[in-house]
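A short write-up of the structure that comes next.
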Protein chains: 2
Amino acid sequence: MARSLRRISESTIHRLSIYYRALNQLERENYETISSKELAKREKLTPAQVRKDLSFFGSFGTRGLGYPVGELRNKIAEILGINRTWNVALVGVGNIGSALVSYKEFQKQGFKIKKIFDNDQRKIGSNHKGIVVSDIKKLFEELKDGEIEIVVVAVPATVAQIIVDDIVRAGIKAILNFAPMNLKVPDDVEVRNENMAMELEYLSFSLSNDSLRP
Amino acid sequence: MARSLRRISESTIHRLSIYYRALNQLERENYETISSKELAKREKLTPAQVRKDLSFFGSFGTRGLGYPVGELRNKIAEILGINRTWNVALVGVGNIGSALVSYKEFQKQGFKIKKIFDNDQRKIGSNHKGIVVSDIKKLFEELKDGEIEIVVVAVPATVAQIIVDDIVRAGIKAILNFAPMNLKVPDDVEVRNENMAMELEYLSFSLSNDSLRP
DNA sequence: AACCTGTTGTGAAAGGTTTCACAACCAGAC
DNA sequence: GTCTGGTTGTGAAACCTTTCACAACAGGTT
Ligand SMILES: NC(=O)c1ccc[n+]([C@@H]2O[C@H](COP(=O)([O-])OP(=O)(O)OC[C@H]3O[C@@H](n4cnc5c(N)ncnc54)[C@H](O)[C@@H]3O)[C@@H](O)[C@H]2O)c1
Ligand SMILES: NC(=O)c1ccc[n+]([C@@H]2O[C@H](COP(=O)([O-])OP(=O)(O)OC[C@H]3O[C@@H](n4cnc5c(N)ncnc54)[C@H](O)[C@@H]3O)[C@@H](O)[C@H]2O)c1
C-alpha cells in the first residue's frame with residue numbers, strides 16, 4: 001500500500017473518527033457494505049469527501065459495491081491507532097475528573113485510566129473505580145517510566161501549566177486538557193483542548209449573528 | 001462601521017474566544033494596550049491572523065500602538081454575544097451533567113443554568129445548586145415559552161436523538177451535545193459537539209502516525 | 001516640522017481543503 | 001461475452017483560509 005506522504009489534515013482525522021462510529025453502528029444494523037454516498041448522507045458530509053479522506057490511506061472499496069463495513073471499520077481503527085489499548089493517567093479528580101473515571105466507554109474503547117493524581121489530602125489514597133489516587137508530588141516519578149502514554153489534565157487553570165511542565169519533562173507526548181487555557185508545550189507534544197466555554201461562546205455567537213454563520 | 005457581509009469562519013470565531021480569554025488575562029496583568037504581535041505570540045498564532053480576524057468586525061487598533069486591552073475585550077464580548085446572560089437548560093444530570101451544574105465559571109460568564117431535566121425518579125424533585133430537577137416529560141412544555149435559549153444535552157447516546165427532537169420542536173436554536181453521536185437537526189439549529197472520545201482518538205492517531213501530523 | 005520607529009488594516013499571493021467530474025472498474029443480467 | 005447500472009479513486013477546478021507585504025498612520029524625538 002504505497003501511501004502519500006502528505007500530511008493529513010485535522011478535519012480528515014476528525015472525520016475518520018466519525019466514520020469509525022458510523023461503521024460500528026452500521027455493523028450493529030447488519031450492513032455488509034456501505035457506499036460513500038450513504039455513509040456521507042448519514043453523517044451530513046459529501047460522498048467525495050468520504051472517498052478522498054479514505055484514499056489518503058489506501059483503497060478499501062470496491063467499485064460498484066462500496067466499502068465492506070467490518071473491514072473498513074478495522075482499517076480505520078488501525079489508522080487511528082485505536083486497535084490497541086492506551087495507558088492513560090488522570091490528573092485532578094474533581095467534578096470532571098470523577099466523571100471521566102466513571103465513564104466506561106473509554107475503557108471499552110481501549111483508553112485505560114491506570115493512574116490518578118490529586119493534591120487534596122482527602123482524596124489521596126482513596127479509591128476510584130479500583131484505582132488509588134496518588135499524591136501529585138509523585139507525578140514526575142510515576143510518569144517517567146513510559147508506561148503512561150496519554151495524560152488527561154482536569155485541574156484548575158491556575159495550576160495546569162505547572163503540572164503540564166512536569167508531564168512534559170517526564171516524556172509524555174499526548175495531553176487532553178480540560179483547563180480553559182492555552183498550555184505551552186514543545187512542538188513534539190500534542191495537546192488537545194476540551195474547552196466547553198468556547199463551544200458555548202460559539203453558540204452565543206451563532207444566536208447573536210445569525211447572518212454571519214459559516 | 002461598514003462591515004463585510006462575508007460569512008465568518010469557524011476558526012475565526014474560535015480565535016475570538018481565544019483572544020477574549022487572553023485579553024482578560026492581560027487586563028489582570030494591567031496591560032493598557034497590546035500589539036497583534038505580542039497577542040499572537042502568547043497564543044501561538046500569527047500577528048496577521050489576529051489583525052485579519054479583528055478586521056472582519058471593525059478597526060479597533062491604533063497604528064504604532066496596538067489595541068486597547070479593555071476596549072477590545074468588550075468589543076469581542078459584544079461580537080460573541082457574551083456581553084449579556086444566556087438562559088441554559090441541562091438535560092441529564094448524571095456524571096457530566098452534575099459536573100457542569102457545579103461549575104461556577106459558566107454562571108460567572110453569563111451562561112445561567114435555569115432548568116434541569118432527568119428521567120430518573122430518584123433525581124426528579126431533588127435540588128442541584130438551587131435548581132429543582134424536573135421530569136423529562138415536561139421538557140417540551142417547559143422549553144416552548146422561549147425563556148431558555150441554549151440546551152445542554154448530557155444523556156446517554158441511545159436517547160439523545162429523541163430528546164433533541166423535542167428540544168427542536170420547542171423552538172430551541174442552540175444545543176451543546178455531549179453524547180458521542182451526530183444529532184439530526186434542521187439547518188437553522190446550531191449543534192456543537194463536545195466529543196471527548198474524538199479528541200482521545202486524535203491523540204491516538206497522533207502518537208501512532210507521528211510523520212502524518214498536520 | 002521633518003524624521004524615525006512601530007504597528008495597523010488590507011489587498012494580493014500562497015497554501016490548503018473541498019467539490020467536481022469522469023475514467024476505471026465490479027457484479028449481475030441477459 | 002457483452003451490456004448495464006452503480007460506485008470507487010483521483011486529477012483538476014473551485015473555493016476558502018492563512019500568510020505576505022506594504023501603504024497609511026500615530027506618537028515620540030530631534
Ligand atoms: N466542571 C465543569 O463542568 C468544567 C467545565 C469546563 C471546564 N472545566 C475545567 O476543568 C478543570 C477541572 O474542573 P472541575 O470542575 O473538575 O474542578 P474541581 O475543582 O472539581 O477539580 C479539580 C481537582 O484538581 C485537584 N487539584 C487542584 N490543584 C491541584 C494540584 N496542584 N495538583 C493536583 N491536583 C490538584 C483538586 O483537588 C480537585 O480534585 C478546571 O480547569 C475547569 O476550569 C470544568
Ligand atoms: N462521563 C463522561 O466522562 C463522558 C465522557 C464523554 C461523553 N460522555 C457522554 O455524555 C453523556 C452523559 O454521560 P454521563 O457519564 O453523565 O452519563 P450518566 O449515565 O451518568 O448520566 C446520564 C443521565 O441522563 C439521565 N437520563 C437517561 N435517560 C434519560 C431520558 N430519557 N431523559 C432524561 N434523562 C435521562 C440519567 O438518569 C442520568 O442522570 C453520555 O452520552 C455519554 O456518552 C460522558
Side-chain angles (χ1 to χ4, degrees), chain A residues 1-19 22-23 26 31-69 71-72 75-76 79 202 212-214, chain B residues 1-19 22-23 26 31-69 71-72 75-76 79 202 212-214:
Chain A
M1 182 188 48
R3 272 315 78 225
S4 87
L5 288 183
R6 232 187 74 207
R7 296 288 177 279
I8 304 299
S9 77
E10 178 164 337
S11 340
T12 291
I13 303 169
H14 266 137
R15 282 194 299 269
L16 289 179
S17 285
I18 293 174
Y19 304 149
L23 289 163
L26 286 164
Y31 278 68
E32 299 261 298
T33 60
I34 181 89
S35 66
S36 60
K37 190 174 165 191
E38 204 180 335
L39 182 51
K41 194 174 157 205
R42 286 195 165 222
E43 300 299 323
K44 278 224 182 132
L45 301 165
T46 69
Q49 202 159 47
V50 172
R51 295 201 299 275
K52 179 113 324 183
D53 284 340
L54 296 175
S55 78
F56 291 138
F57 301 96
S59 33
F60 310 122
T62 307
R63 287 158 204 254
L65 262 190
Y67 300 89
V69 172
E71 259 176 59
L72 183 58
K75 194 68 208 174
I76 291 179
I79 295 165
Y202 192 100
L212 297 182
R213 286 199 314 175
Chain B
M1 181 187 46
R3 274 312 81 223
S4 85
L5 287 183
R6 232 190 72 205
R7 296 288 178 278
I8 304 299
S9 78
E10 180 165 333
S11 340
T12 292
I13 302 169
H14 266 139
R15 282 193 300 270
L16 290 180
S17 285
I18 293 174
Y19 305 149
L23 290 162
L26 287 164
Y31 278 68
E32 300 260 298
T33 60
I34 180 90
S35 66
S36 60
K37 190 174 165 189
E38 203 179 337
L39 182 50
K41 193 174 157 206
R42 286 195 165 221
E43 301 298 324
K44 278 222 180 132
L45 301 166
T46 68
Q49 200 158 48
V50 172
R51 296 201 298 278
K52 181 124 302 190
D53 285 341
L54 297 174
S55 79
F56 292 138
F57 300 97
S59 34
F60 310 122
T62 309
R63 288 159 204 255
L65 261 191
Y67 300 89
V69 172
E71 258 176 59
L72 183 57
K75 195 68 208 172
I76 291 179
I79 294 165
Y202 192 100
L212 297 181
R213 287 200 312 175

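Keep in mind the model is a prediction, meaning the values are calculated, not measured. Proteins get letters first, then strands, A, B, ... in listed order; numbering begins at 1 in each.
Distances shown here put a side-chain N or O of B:T46 below 4.0 Å from the OP1 or OP2 atom of D:dT19. Residue A:Y67 has a polar side-chain atom (N or O) positioned under 4.0 Å from OP1 or OP2 of D:dG9.
In this structure, A:R7 places its CZ atom 19 Å from P of D:dT18, rounding to the nearest Å. With rounding to whole Å, B:L45 atom CG is found 10 Å from D:dT18 atom P. The CD1 atom of A:I13 sits 14 Å away from the C1' atom of C:dT17 (whole-angstrom rounding). If you measure from atom CD of A:E10 to atom P of D:dT18, you get 11 Å, rounded to the nearest angstrom. Rounded to whole Å, atom P of D:dA21 lies 13 Å from atom CZ of B:R51. Put simply, CZ on B:F56 is 10 Å from C1' on C:dT10, counting in whole angstrom units. Rounded to whole angstrom, the span from the CG atom of B:L65 across to the C1' atom of C:dT8 amounts to 10 Å. Between the CG atom of A:D53 and the P atom of D:dT8 there is a distance of 13 Å, given to the nearest Å.
Interface remark: the A:R63 side chain does not form any donor-acceptor pair with the D:dT7 base, using a distance-only criterion of under 3.5 Å.
Contact check for B:T33 versus B:T62: no side-chain heavy atoms found under the 4.5 Å cut-off.
Between A:P47 and A:A40, the shortest heavy-atom contact is N-CB, 3.4 Å. Between A:L16 and A:L54, the closest heavy-atom pair is CD2-CD2, 4.2 Å. The two residues A:Y19 and A:V50 make their nearest non-hydrogen contact at OH-CA, 3.3 Å.
If A:G66 and A:K52 are placed on DNA chain D by their nearest nucleotide, the residue sitting closer to the 5' end is A:G66. Toward the 5' end of DNA chain C, the nearer of the two residues A:Q49 and A:G64, judged by each one's closest nucleotide, is A:Q49.
By the 6.0 Å contact criterion, NZ on B:K44 is enclosed, its count of non-hydrogen atoms from other residues, nucleotides or ligands being greater than 12.
Proximity of residues 32-41 of chain B to DNA chain C (heavy atom under 4.0 angstrom from any strand atom) is restricted to B:S35, B:S36.
The side-chain contact (heavy atoms from CB on, under 4.5 Å) test with A:F60 singles out one residue from A:R51, A:K75, A:E71, and that residue is A:K75.
In this structure, A:R42 forms a cation-pi arrangement with A:Y31, its terminal cationic atom sitting closer than 6.0 Å to the ring centre and no more than 45° off the ring axis.
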